[in-house]
Protein chains: 2
Amino acid sequence: MPNTDRFGPPWWHGKFRGCGYRLTIGREAILDVLSKSEGHLSAEDIYMKVHPRYPSVGLTSIYRTLDVLSHLGLVYKLDFGDGRARYELAEGPKGSHHHHHLVCTDCNRVIDYTDFIDDEVELLRQTEKGLGEKYKFKITNHVIQFYGLCERCGSRK
Amino acid sequence: MPNTDRFGPPWWHGKFRGCGYRLTIGREAILDVLSKSEGHLSAEDIYMKVHPRYPSVGLTSIYRTLDVLSHLGLVYKLDFGDGRARYELAEGPKGSHHHHHLVCTDCNRVIDYTDFIDDEVELLRQTEKGLGEKYKFKITNHVIQFYGLCERCGSRK
DNA sequence: CTATTAGTGGAAATCATTTTCATTAACTTC
DNA sequence: GAAGTTAATGAAAATGATTTCCACTAATAG
Ligand SMILES: [Mn+2]
Ligand SMILES: [Mn+2]
Ligand SMILES: [Zn+2]
Ligand SMILES: [Zn+2]
């Protein structure tokens, strides 16, 4: 049930309405699942979480909605090398919980980290400015990912 | 023709031999194409460049070889959001030409940049160290990509 | 040179994502 | 609230990059 924790409509209604998008059951259900789940969900993961409560929402619409959400900047579409796209909310109601990723190239485990984020973000801000000017690019987003072997895969010989 | 610009065998022979991999025509041809091409080639791009000279090398082997090369760290496998993996040489004979990417979310154009790289790389080194220790991760690589609208797509209304 | 077996090509399979199209339901207007 | 407009949808089929299978080939060791 697309909850509003009884303090007015979910925080995303505004962003949606402004862009001429209709607010459908499916879209709400998907945002609801994303905002209540930890981790990096694939389209099918989301489908499986939405389906029990809203069996009428099809996988096709999950894909379509994720596409809209990522174009709206509400959701990040990520690639961790396991052959399917994964999604996470760009920011929660309390503002952004910005983080970057550590990806194991062996088992595909992903760790969110926020350590060092401040220095990184500060540098990124400058870099974005410089690059934006030099290449006339309107930068809206960045991805930083470190790849390597996680504790388990690294020690396992 | 897997060239050696007549100064001994191509620089990658050593890396290969050490790991128990056989040095085949196909593998040489692929490395040769990668080292002589600018840009970010897909498996099929590479196939098309290899095919005229070595019609016996199949697409399947291109995929297999790219996989080996990226596990060896000779090649980076990249995702720019256009539905196929793209590859670039990790470093040329003259050492690393390290760079990061600016990706247009509208037309998928990609710009390599090296500006600001020094500061970024310095910060990344520290971050890698900190993260490696805290999460017991053996970090071997990183990806930094900025997303936004390129000059053409940004101005086009 | 011969033996060993990693590597290969081609066809078929896989499977995440996209397309198609007839139907539904959000939002606007009265 | 009812009707009209049309964005959005579900189901099925199509797509297309990548992987799997397997009989065959050829790189390397001895
Ligand atoms: Mn994350
Ligand atoms: Mn590049
Ligand atoms: Zn791992
Ligand atoms: Zn563009």
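Proteins come first, then strands; the chains are lettered A, B, ... in the order of their sequence lines, and each starts at number 1. Scope of the values below: all heavy atoms of this structure, side chains included, with no hydrogens, waters or symmetry mates.
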Heavy-atom contact window of chain A on DNA chain D, given 5' to 3' at under 4.0 Å: D:dT6 to D:dA12
Close N/O contacts between protein and nucleotides 7-9 of chain C (under 3.5 Å):
residue : atom : partner : partner atom : Å
C:dG7   : OP1  : B:Arg22 : N            : 3.3
C:dG7   : OP1  : B:Arg27 : NH1          : 3.0
C:dG7   : OP1  : B:Arg27 : NH2          : 3.4
C:dT8   : OP1  : B:Thr24 : OG1          : 3.1
C:dG9   : OP1  : B:Ser56 : O            : 2.5
C:dG9   : OP1  : B:Val57 : N            : 3.4
C:dG9   : OP1  : B:Gly58 : N            : 3.0
C:dG9   : OP2  : B:Gly58 : N            : 3.3
C:dG9   : OP2  : B:Ser61 : OG           : 2.1
C:dG9   : O5'  : B:Ser56 : O            : 3.4
C:dG9   : N7   : B:Arg64 : NH2          : 2.7
C:dG9   : O6   : B:Arg64 : NH1          : 3.3

Strand contacts (DNA chain C) in residues 74-86 of chain A, 4.0 angstrom heavy-atom criterion: A:Gly83, A:Arg84, A:Ala85
Residue pair B:Tyr135 / A:Tyr113, side-chain heavy-atom distance below 4.5 Å: yes
For A:Lys134, side-chain hydrogen bond (donor to acceptor under 3.5 Å, both in side chains) partners two or more places apart: B:Asp115
Set of residues satisfying side chain to side chain contact (heavy atoms under 4.5 Å, CB included) with respect to B:Asp45, sequence neighbours excluded: B:Leu41, B:Ser42, B:Arg86
A:Glu120 and A:His142: CA distance, side-chain angles, deciding distance, side-chain hydrogen bond (donor to acceptor under 3.5 Å, both in side chains) verdict: CA-CA 11 Å; A:Glu120 287 183 14; A:His142 62 251; over 6 Å; no
Which residue lies more 5' along DNA chain D, comparing B:Arg17 with A:Tyr47 via nearest heavy atoms: A:Tyr47
Worked verdict on A:Arg125 versus A:Glu122 for salt bridge (Lys or Arg N to Asp or Glu O under 4.0 Å): CA-CA 5 Å; A:Arg125 191 190 326 284; A:Glu122 176 51 25; 3.5 Å; yes
Geometric class of the A:His98/A:His100 ring pair [parallel <30°, tilted 30-60°, perpendicular >60°]: perpendicular
A:Val110: hydrophobic cluster co-members (side-chain, 4.5 Å): A:Tyr76, A:Leu78, A:Phe80, A:Val103, A:Tyr147, B:Val143
Within 6.0 angstrom of B:Glu44 CD, more than 12 heavy atoms from elsewhere: no
N/O donor-acceptor pair under 3.5 Å between B:Ser37 side chain and B:Leu34 backbone: no
Rounded distance (Å) that lies between atom P of C:dC15 and atom OH of B:Tyr63: 16 Å
